[in-house]
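One structure is given here, and the rest of the page talks about it.
Along the sequence shown, the residues carry numbers beginning at 1.
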Amino acid sequence: MPNWGGGAKCGACEKTVYHAEEIQCNGRSFHKTCFICMACRKGLDSTTVAAHESEIYCKTCYGKKYGPKGYGYGQGAGALSSDPPSENLDIQPQQQPKPQGPSTNSNPSKFAQKFGACDRCPRCSKAVYAAEKVMGAGQPWHKTCFRCALCGKSLESTTVTDKDGEIYCKVCYAKNFGPKGMGLGNLGMVEEKE
């Protein structure tokens with residue numbers, strides 16, 4: 001059958017792919033509806049596709065089929081595991097201790113569970129997500145909470161100092177916790193000997 005004004009042939013169904021419905025991958029054209037994993041049939045896009053010769057897969061199925069195999073790799077790269085299997089070793093998994101912290105919400109929201117917000121800001125006690133996290137004094141802070149406890153000045157990693165889990169600018173830290181006495185910026189009381 002002649003190809004009158006049509007496009008390329010789909011790499012999956014081999015029917016004509018018109019420009020408006022075309023997705024290109026690995027030098028081949030696909031219909032949007034045909035651009036699916038050859039193993040699990042999940043829809044693909046430019047960030048989830050992995051091509052092998054003329055076949056297209058999601059990254060998980062590609063890893064299982066073509067990834068590294070052997071002890072410690074589970075079912076290939078799609079299921080990497082560095083832990084040895086403990087099924088036949090009569091080893092009981094240890095109970096994970098619950099994290100202790102200034103959590104005011106004992107039942108985190110579904111959003112927090114889904115996106116892994118287990119860190120809490122010491123200043124406001126709210127969840128700290130990766131996009132807004134700043135580390136200081138060994139704790140995660142919101143960018144807006146990352147301020148001097150005394151003067152409220154916004155801090156950076158080069159200007160922060162900490163004492164007892166609280167953060168300070170260098171000036172406030174020096175005034176309140178630095179050395180005191182004659183010649184150290186503070187006038188000390190000088191006793192006269194009689």
Point to revise | Arg28 to Gly11 - nearest heavy-atom pair and separation | key: NH2-O, 2.7 Å

**Study point:** Atom pair SG/OH of Cys121 and Tyr129 - distance to nearest 0.5 Å
**Key:** 13.0 Å

Revision key, fill the gap. Interatomic distance, OH@Tyr57 vs OH@Tyr62, rounded to 0.5 Å, equals 9.5 Å

Study note, to complete from the structure: Between Cys25 and Ile56 the two heavy atoms that sit nearest each other are SG-CG2, 4.1 Å

Point to revise | Minimum heavy-atom distance Ile167-Ala137, with the two atoms named | key: CG2-CB, 4.0 Å

Practice item. Check whether any side-chain heavy atom of Thr159 lies under 4.5 Å from a side-chain heavy atom of Cys169, and answer yes or no. Key: no

Exercise for review: Specify the closest pair of heavy atoms between Gly165 and Gln139, including all atoms of both residues, with the distance to one decimal.
Suggested key: O-NE2, 3.7 Å

Study note, to complete from the structure: The complete set of salt bridge (charged side-chain N to carboxylate O under 4.0 Å, His left out) pairs with one or both residues in residues 127-151, sequence neighbours excluded, reads Asp119-Lys133

Exercise for review: Keeping the roles fixed (side chain from Asp45, backbone from Thr47), state whether a donor-acceptor pair exists under 3.5 Å.
Suggested key: yes

Study note, to complete from the structure: Nearest heavy-atom approach of Arg120 to Ala127 is NH1-N, 3.3 Å

**Study point:** Sequence neighbours excluded - salt bridge (charged side-chain N to carboxylate O under 4.0 Å, His left out) pairs with any residue from residues 150-173
**Key:** Arg123-Glu166

Review point. SG of Cys151 to OH of Tyr168: how many Å apart, nearest 0.5 Å?
Key: 11.0 Å

Show every donor-acceptor pair shorter than 3.5 Å between a side-chain atom in residues 30-43 and any protein atom, with sequence neighbours excluded, or say none if there are none.
unit_1, atom_1, unit_2, atom_2, d
His31, NE2, Thr16, O, 2.9

Point to revise | Cys145 to Cys124 - nearest heavy-atom pair and separation | key: SG-SG, 3.9 Å

Exercise for review: Give a yes or no on whether Val128 and Phe146 share a hydrophobic cluster (residues Ile, Leu, Val, Met, Phe, Trp, Tyr; joining criterion: side-chain heavy atoms under 4.5 Å apart).
Suggested key: no

Check your understanding: Once the angle between the rings of His52 and Tyr66 is folded into 0 to 90°, is it parallel (under 30°), tilted (30 to 60°) or perpendicular (over 60°)?
Key -> parallel

